[in-house]
Chemist: 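I'd like to ask you about the structure that follows.
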Amino acid sequence: MLRISVCREYYEYVIHGCLVLPAVLEEENYSLFKFWFEDRIHDGLYYRHELFYRLQTLSVEFRAQLYHSACQLAQQEPVVVTVTSDTCSLWVSLQNPNDMMIKRRNQMAQQLAHLQIHR
């Protein structure tokens, strides 16, 4: 039997044992910060006792593609999506990133950036 737990506050749905969907947050409701990581300055987000960094930001017209990528990453690591009136962003956890995950994140960011360039 599948159990579905719903967190009303964050619109996060988790089907235990099958699929994890990333939380979708309104960005203006959170305090962002800047930090140095991988030789450059990143945006950071603190959410549910975990630190995230912004992997990619796209125009809101590409939100379906960004969310699809977020769902793929969420099967392996904590991921959050934020939205504003004109953009959406993919955030990944800073907790213990290994070389394989960093490579996968970078590939995902390149694929998403390709969308915006070729519109």
Side-chain angles (χ1 to χ4, degrees):
M1 180 174 145
L2 288 177
R3 294 177 312 170
I4 300 175
S5 61
V6 178
C7 179
R8 294 186 324 264
E9 184 178 356
Y10 300 106
Y11 311 103
E12 180 176 7
Y13 299 87
V14 179
I15 303 173
H16 298 285
C18 292
L19 178 67
V20 177
L21 299 178
V24 178
L25 312 173
E26 292 181 17
E27 193 168 302
E28 61 268 8
N29 293 335
Y30 293 84
S31 297
L32 307 182
F33 58 92
K34 301 280 188 189
F35 69 100
W36 185 261
F37 179 63
E38 295 180 341
D39 297 325
R40 63 186 186 124
I41 295 176
H42 289 271
D43 290 327
L45 170 73
Y46 181 71
Y47 171 71
R48 288 200 172 171
H49 309 291
E50 190 159 358
L51 295 172
F52 293 85
Y53 78 94
R54 191 187 315 254
L55 182 65
Q56 186 66 276
T57 298
L58 296 175
S59 168
V60 74
E61 68 187 276
F62 297 107
R63 66 184 173 267
Q65 293 91 333
L66 185 127
Y67 192 75
H68 177 76
S69 296
C71 289
Q72 290 176 333
L73 283 176
Q75 303 317 302
Q76 297 151 4
E77 63 179 315
V79 173
V80 173
V81 172
T82 60
V83 294
T84 67
S85 60
D86 56 350
T87 65
C88 52
S89 295
L90 172 58
W91 301 77
V92 292
S93 174
L94 281 168
Q95 181 180 352
N96 302 322
N98 61 40
D99 290 340
M100 181 68 94
M101 289 311 306
I102 291 171
K103 183 178 179 181
R104 180 155 167 75
R105 290 172 182 177
N106 290 338
Q107 289 172 341
M108 190 74 64
Q110 288 173 356
Q111 290 171 354
L112 289 169
H114 182 74
L115 287 173
Q116 201 149 324
I117 291 169
H118 291 72
R119 60 175 160 160

Chemist: Show the nearest heavy-atom pair for residues Val83 and Val24, with the distance to one decimal.
Modeler: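 Nearest pair, atom of Val83 first, then Val24: CG1-CG1, 4.2 Å.
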Chemist: Is there a side-chain contact between Leu25 and Tyr30 (heavy atoms, below 4.5 Å)?
Modeler: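 With C-beta onward as the side chain, the pair touches.
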Chemist: Measure from the side-chain N and O atoms of Gln56 to the backbone N and O of Ala109, and report whether any donor-acceptor pair falls under 3.5 Å.
Modeler: yes
Chemist: Which value, rounded to the nearest 0.5 Å, describes the distance between Cys88 atom SG and Gln65 atom CD?
Modeler: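 So the gap between those two atoms works out to 8.5 Å.
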Chemist: Got a second to check how far Trp91's CH2 is from His42's NE2, nearest 0.5 Å?
Modeler: 11.0 Å
Chemist: Side chains of Glu50 and Val80: closer than 4.5 Å at any heavy-atom pair?
Modeler: no
Chemist: Using modelled atom types and a 3.5 Å cut-off, is there a donor and acceptor pairing between side-chain atoms of Gln95 and backbone atoms of Leu51?
Modeler: no
Chemist: Please report the shortest heavy-atom distance between Val60 and Ser85, naming the atom on each side.
Modeler: CG1-O, 4.2 Å
Chemist: Could you check whether Glu27 and Thr84, counting side-chain N and O atoms only, form a donor-acceptor pair closer than 3.5 Å?
Modeler: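 Side chains of Thr84 and Glu27: no pair found under 3.5 Å.
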Chemist: For a quick test of reading the model, state the closest non-hydrogen atom pair linking Ala74 to Val20 and the distance between them.
Modeler: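 Shortest heavy-atom contact: CB-O, 3.7 Å.
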Chemist: Listed by chain and number, what are the ring pair (Phe, Tyr, Trp, His ring centres under 6.0 Å) partners of Tyr67, not counting sequence neighbours?
Modeler: none
Chemist: Please round to the nearest 0.5 Å and tell me the distance separating atom CG of Leu66 and atom SG of Cys71.
Modeler: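 Output value for this atom pair is 9.5 Å.
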Chemist: To the closest 0.5 Å, what do you measure between NE2 (His68) and CZ (Phe62)?
Modeler: 15.0 Å
Chemist: Residues sharing Trp36's hydrophobic cluster, by side-chain heavy-atom contacts under 4.5 Å among ILVMFWY, directly or via others?
Modeler: Ile41
Chemist: Rounded to the nearest 0.5 Å, how far apart are CD of Glu61 and CG of Asp86?
Modeler: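 With rounding to 0.5 Å, CD (Glu61) is 11.0 Å from CG (Asp86).
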Chemist: Is there a path of hydrophobic side-chain contacts, each under 4.5 Å between heavy atoms, that joins Leu55 and Phe33?
Modeler: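 Linked, Leu55 and Phe33 end up in one cluster.
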Chemist: Do Thr82 and Glu26 make a side-chain contact, defined as non-hydrogen atoms from C-beta onward lying under 4.5 Å apart?
Modeler: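 A side-chain contact is absent here, since even the closest heavy-atom pair is not under 4.5 Å.
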